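Notes to accompany the following structure.
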Amino acid sequence: MLLVGVAALRIGMYHWRQGAALIGGALLVAAVLRAALSDEQAGLLRIRGRAVDVLSYAGLGLLILFIALTITGGPLG
């Protein structure tokens, strides 16, 4: 949650690419934690089965990172 808070701060400061990259990174961290922790320790990271959670977090994190790092130009810089 700390990474998402920092990302929201960066987005609020009009550095949306950095904020989006931080959110993607936070999702990748969540995927690693979900894979490493037991079901009891995972807490709110546990939504479905372990494999579905890890694939969902990792896939969405990589997609957000890809978009944040490849889009250029536009009104937001």
Side-chain angles (χ1 to χ4, degrees):
M1 289 305 296
L2 179 64
L3 285 173
V4 174
V6 171
L9 181 65
R10 293 303 290 165
I11 290 169
M13 296 170 62
Y14 298 103
H15 297 285
W16 69 272
R17 275 196 194 99
Q18 292 175 4
L22 283 171
I23 289 174
L27 284 166
L28 292 176
V29 168
V32 169
L33 288 175
R34 180 63 177 111
L37 298 175
S38 69
D39 285 343
E40 293 80 26
Q41 293 173 325
L44 293 176
L45 290 175
R46 189 177 73 165
I47 298 170
R48 302 278 183 198
R50 183 183 308 253
V52 173
D53 287 344
V54 170
L55 288 173
S56 298
Y57 288 137
L60 189 57
L62 289 172
L63 180 65
I64 290 173
L65 275 174
F66 175 76
I67 290 170
L69 298 176
T70 57
I71 293 178
T72 59
L76 298 176

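Just so it is clear, the model here is predicted, and its values are computed rather than measured. FYI, the numbering just counts along the sequence from 1.
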*Taking all atoms of both residues into account, what is the closest heavy-atom pair of Ala20 and Ala68, and its distance?*
CB-CB, 3.7 Å
*Let me see the working for Leu28 and Val32 under side-chain contact (heavy atoms from CB on, under 4.5 Å), right down to the final yes or no.*
CA-CA 6 Å; Leu28 292 176; Val32 169; 5.8 Å; no
*Quick one: do Val4 and Leu45 end up in the same hydrophobic cluster if we chain Ile, Leu, Val, Met, Phe, Trp and Tyr together by side-chain heavy atoms under 4.5 Å apart?*
no
_How close do Ala31 and Ala58 get, counting heavy atoms only, and between which atoms?_
CB-N, 3.8 Å
*Rounded to the nearest 0.5 Å, how far apart are CG of Asp39 and CZ of Arg34?*
5.0 Å
_Common cluster, Val29/Ile47, ILVMFWY with side-chain heavy-atom separation under 4.5 Å_ = yes
*First locate atom CG of Leu65, then atom CG of Leu60, and finally report the distance between them rounded to the nearest 0.5 Å.*
10.0 Å
*Are Arg17 and Ile67 close enough that some pair of their side-chain heavy atoms sits under 4.5 Å apart?*
no
*Run the salt-bridge test on Asp53 and Arg46 with the 4.0 Å N-O cut-off and return the result as yes or no.*
no
_Separation between CD1 of Ile71 and CZ of Phe66, rounded to the nearest 0.5 Å_ = 9.0 Å
*Report whether Leu27 and Val54 are members of the same hydrophobic cluster (ILVMFWY, side-chain heavy atoms less than 4.5 Å apart, transitive linking).*
no
*Go through Val6 and Met1 one step at a time and tell me if the side-chain contact (heavy atoms from CB on, under 4.5 Å) criterion holds.*
CA-CA 9 Å; Val6 171; Met1 289 305 296; over 6 Å; no
_Nearest-0.5 Å distance, CZ of residue Arg50 to CG of residue Leu37_ = 8.0 Å
_Closest contact, heavy atoms only, Leu22 versus Ala7_ = CB-CB, 3.7 Å
